[in-house]
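In what follows, every heavy atom counts, from backbone to side chain, and hydrogens, waters and symmetry copies are set aside. Keep in mind that what you see is a predicted model, and the values were worked out from it rather than measured.
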Amino acid sequence: MASIPRRERYSSVALSGGAKMATESDQRDRGFDHTEIEPAWQEAWAEADVFRIPDDAEDPAYVLAMFPYTSGNLHMGHVRNYTITDAFARFERMRGEEVLHPMGWDSFGLPAENAAEERDTNPRDWTLSCIDSMREQLTRMGFGYDWEREVATCDPDYYRWNQWLFERFHEEGLVERQGAELNWCPSCETVLADEQVEGEDELCWRCDTPIETREMDQWFLSITDYAEELYEALDDLEGWPNNVREMQRNWIGKQEGASVAFEIPGYGEVDIFTTRLDTIYGATYFSLAPGHPVAQEIAEKNDEVAEYVEMAAAADEDELDVTSGVFTGEYAINPATGEEIPVYVADYVLTDIGTGALYAVPAHDDRDHEFATAHDIPIQQVVEPTEDADIDPEEIDIQEAAYTEDGVLVNSGEFDGLTSEEARERFVEEFDGEHRTEYNLRDWGISRQRYWGTPIPMVWCDDCGAVPVPEEDLPVELPEFVHTTGNPLDAAEDWKHVSCPECGADAVRETDTMDTFIGSSWYFLRYVSPGLEDAPFDSERASDWMPVDQYVGGIEHAVMHLLYARFFTKVLDDVDLLDGIREPFENLTNQGMVLGEDGNKMSKSRGNGVSPQRIIDEYGADTARLFIMEAAQPEKEFAWSGEGVRSAHDFLQNLYTLAVEYETGEVTTADGGSDDDAAIAEYVAREIEATVASATAEYEDFRFNHALQAVRELVSLLRRYREVTVVDPETFEDGLVTATKLLAPVAPHVGEEIWDELGNDGLLVEAVWPVAETPEGHILERRLIEDTREDVRDIIETVGIEDPAEITLAVASAWKHQVADVARDAENVVPAVMQNEELQRYGEEAADYAKELAGRGHVEEFLSPDREQAALDRAAWLIEREFDADVTVLAAEDAPDDLASKAEPGRPAIDIAE
RNA sequence: GCGAGGGUGGCUGAGCGGCCAAAGGCGGCGGGCUUAAGACCCGCUCCCGAAGGGGUCCAGGGGUUCGAAUCCCCUCCCUCGCACCA
């Protein structure tokens, strides 16, 4: 795999280089050529089938990236996403886990139709070619997937199961046909689910076109049946980011409250929903949404109301003022007071929130207050702050502004003095209401008036109504695509006309297709048994392999995809297709954005985009992967940096070169050298162990940048090691091998190349992850060395020593360590030390030191004198090298008294001679 | 408005009760290696200091503690999500 040994290449450069500057390509010739090694190793992995996971694997680590939409292009966001999962999967694999790391294609959707229109082809061919191209790009990045498990949602063998599941849902009573006012995207010419409408401006999630509303009959999945569990279970999803859980909570919008009926004479009882039943005595008017049935009824008799209702229906969202509304002339009876309060129809009351009707309490609700003020409705206070509240009840002027906090009841008849909380509980019974929980979540409208999706397997019969297509006739395949302005399925006459499965009469197929999010709601189950022909997935295996252990993808799916997938999983468990799996994704990571070099979001208009293709061509996949992983922790955003890319590339080249130099004998080695050399080797060996321990922990915690930082430090140490002395071959090679292994999940191609170069058998991808504990005392030791080096620097600098010749370090005597040990645990340090018989011998000295420690308030942990000395011995070379001076490390008893007496635990005495 | 997450040195960013003047990277400065360049290596990069010392410091203010960048409260600012939600 590796080409020419480095030496030959080097000499060829030397021959041709002469005095002129080496070109970039010359430099590259000294290291590896990524265009050569990357495809070669990709082929080697494929041949060895290393990413394949057998069906009989038991509970493998399931590492999953959100599958891409088949746009045809891999962008940096994808590269980051897939680098993270690939690195983690490779890490787990090297640790001996069986790993399920599959890939597939979210391949239905409108863009394919648009592309087909533009290119005079059809969505299928277009999509299939996109898939081929994206698979190729993923492979070039070196991502290791089990391609035998590849799935594509546009494949009839896949979407037949969307249909089959739709019918199962139907049988379970989870499919409903509802007429509703729906979000219509005029550009996509289809309806959208609420989740697919974004922001205040109400834009289509795909094309950013402002949404219109349309009244249509639609197929809905009853996700609201699961609202409670979807909401409550979020608390236990501890492996999920808080913001995603919070977004889902927001979206589901659980509200605990109560409903109470108000009588409107002539119109019967009207249910209201409220979270503030405690304020019922303060209700001074009653308000109906324009869409409320009673409002409609009143409109029939009252022209003014009719006019308002009509206007409200026609008006756009924000067109009407918040105080707009009309008095109906009717009165409602407040069940608490028995009083009649005027009934208004007001646009600020929303039809689909609560019951679409409410009693208004201007004194304790901001919107009601505003409305009451505008309409000259009385404002009656019924709650005042509790005594321990921050606000003085005297300061509250409810004519000026509503007091919306909980408090104590006033003006509420016999209930005065109850707290808000008590009143809410009490009033439910008192006024014949009931506890009620409302959710914001609406049912999931899945009908789309588009071609490139899963046909909804229903047939419309004049006599039988909507009839499901019999299971044996699935899949209902898409007909040939035709170019048309409307829905191509509507135009497919032959396809559309069928006989009714129930009565055999002439009937027509449902021409709407399913929301593409149906396909992504269970694809993670299909990977378990992708070819299965008689069920969507193998239930037993899925129950064993699920949930997904690590799921990584963009935050844009926080509500839509992730909520739908949770919903599907729960339903599938309830219909026994799964066994006890209630949640699909145990741990979730949302990778941050990759910004352009200017710190802004990459975009065509800014021209700050970086194409993965170009980076692979120029620097190779490993460089791109390493740069991305070093740049930031997965969930953080970072800006692309040419400098960073080059740095990653240089590092890989340097490590490779170091390995080659070692292998070709350019690194001078000697077995069992001097004592000094042995000490240095031991230092290096301990650092190797420490690096393994910390890098492993960082990989586990998804802090790849920290792991990689540790690897860089190790490699830097190895370089210094070989510079300062003849190296111990075993230690040095262990260092190289360790660094290579720790790097393997991120830079797998270069890793294999080095692995091979060092003469190892087999593939690195299948090698065993190193295991080591942080050497005992390593942290204290590192601190000691760093402090000491810094002190030496400080002294040389402050004193202005030109050329230090001899540095003597003396460890503190054993009794000082003992004083510190006693002091650490003592309440009263000085007495504790002086009462210690052993320490009494040191009299004044011990007392003085004890006083000093007592003054610090806290005594740190220290190494014992022996271990301090040993640690300094091992690290002496670093000091010698830095200051170009001889270094002597002495035990207290071997050092001159005046020196030794200056030493403290963790702080050797330092003498520097010029 | 409600909710979540944040505000750390020239920048980026770790730390989240003592070992913190605060990791790493970038940038800047000086030095080594080299015919030279790159790469690599060694320092410095808040202020004062002729032996490891002292001062100030982690958005602002207050508090808890022997001790706070780290915990609590208030204020200001940023980012994200939801929002005429009864």
Side-chain angles (χ1 to χ4, degrees), chain A residues 19-22 24 26-27 30 198-200 241-251 253 255 257 272-276 279 287 289 317-318 320-324 346-350 352-361 365-368 370-371 404 438-440 555 558-559 599 630-633 636-639 641 643-644 647 650 653-654 657-658 703 705-706 708-710 712-713 716 719-720 723-724 779-780 783-784 786-788 790-801 854-862 878 881-884 902 906-912:
Chain A
K20 81 174 198 292
M21 249 176 66
E24 204 176 330
D26 283 337
Q27 281 173 39
R30 297 184 195 179
E198 292 181 335
E200 210 164 335
N242 276 335
N243 63 330
V244 174
R245 292 197 280 173
E246 196 56 31
M247 282 163 78
Q248 293 213 352
R249 277 192 203 104
N250 263 332
W251 189 260
Q255 287 262 327
I272 60 91
F273 172 77
T274 178
T275 55
R276 291 298 304 274
T279 63
S287 205
E317 193 78 359
D318 297 318
L320 291 177
D321 194 82
V322 283
T323 60
S324 95
D347 189 56
Y348 84 88
V349 182
L350 306 179
D352 55 357
I353 303 294
T355 61
L358 53 83
Y359 66 74
V361 185
D365 180 277
D366 291 324
R367 283 178 324 273
D368 295 349
E370 209 176 332
F371 190 90
T404 57
E438 286 283 319
Y439 301 92
N440 248 348
I555 186 72
V559 173
E630 281 186 317
Q633 290 171 25
K636 307 230 163 164
E637 64 177 25
F638 70 86
S641 144
E643 191 74 42
S647 158
D650 291 345
Q653 289 289 9
N654 288 332
T657 305
L658 189 62
R703 286 191 301 230
N705 56 336
H706 290 181
L708 294 166
Q709 187 183 315
R712 276 196 187 239
E713 280 166 18
S716 162
R719 270 196 298 256
R720 276 175 283 159
E723 264 177 34
V724 75
I779 296 169
L780 291 175
R783 171 119 260 124
L784 171 73
E786 273 171 22
D787 286 351
T788 306
E790 199 146 329
D791 284 344
V792 173
R793 264 173 227 141
D794 226 10
I795 294 167
I796 288 174
E797 167 92 18
T798 321
V799 178
I801 297 170
R856 291 183 203 167
H858 169 82
V859 182
E860 299 153 25
E861 297 278 338
F862 300 112
L878 289 167
R881 183 163 178 270
E882 180 175 340
F883 302 101
D884 196 22
K902 288 187 203 153
R907 188 141 221 225
I910 299 167
D911 180 73
I912 302 169

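One finds a side-chain N or O of Q255(A) lying less than 4.0 angstrom from the OP1 or OP2 phosphate oxygen of A86(B). Considering only side-chain N and O atoms, R719(A) lies under 4.0 angstrom from the phosphate OP1 or OP2 of C41(B). Side-chain N/O atoms of R245(A) include none lying less than 4.0 angstrom from OP1 or OP2 on C82(B). For C41(B), the OP1/OP2 oxygens have a side-chain nitrogen or oxygen of S716(A) closer than 4.0 Å. Regarding contacts with the backbone of C42(B), a side-chain N or O of R720(A) is found under 4.0 angstrom from either OP1 or OP2. Taking side-chain N and O atoms only, N654(A) has no distance below 4.0 Å to OP1 or OP2 of A39(B).
For the pair F638(A) CZ and G13(B) P, the interatomic distance rounds to 12 Å; values are reported in whole Å. In this structure, E861(A) places its CD atom 14 Å from P of G18(B), rounding to the nearest Å. Rounding to whole angstrom units, CD1 of residue I796(A) and P of C42(B) are separated by 16 Å.
In a base pair of the Watson-Crick type (N1 to N3 plus N6-O4 or O6-N4) or a G-U wobble (N1-O2 and O6-N3), with each distance short of 3.5 Å, G27(B) is matched with U45(B). Remark: G5(B) base-pairs with C78(B); criterion is Watson-Crick or G-U wobble with both hydrogen-bond distances under 3.5 Å. Base pairing analysis places U56(B) opposite nothing; no Watson-Crick or G-U wobble pair with both distances below 3.5 Å involves it. C40(B) and G32(B) make up a base pair, with Watson-Crick or G-U wobble contacts both under 3.5 Å.
Rounded to the nearest Å, the gap between the C1' atom of A50(B) and that of C33(B) is 32 Å. Rounded to a whole angstrom, the distance from the P atom of C57(B) to that of G43(B) is 30 Å.
Panel note: side chain Q248(A), backbone A558(A); a donor-acceptor pair is recorded below 3.5 Å.
Contact annotation: side chain of D791(A) to base of G52(B), donor-acceptor pair present below 3.5 Å.
Here the straight-line distance linking atom CG of D365(A) with atom OG1 of T279(A) works out to 8.0 Å at 0.5 Å rounding.
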Would you list the protein and nucleotides 4-7 of chain B atom pairs, both N or O, that sit under 3.5 Å from each other?
none

Check against side chain to side chain donor-acceptor pair (under 3.5 Å), R712(A) and S647(A): CA-CA 11 Å; R712(A) 276 196 187 239; S647(A) 158; 3.2 Å; yes
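Taking the side chain as every heavy atom from C-beta outward, I353(A) and N440(A) approach each other to under 4.5 Å.
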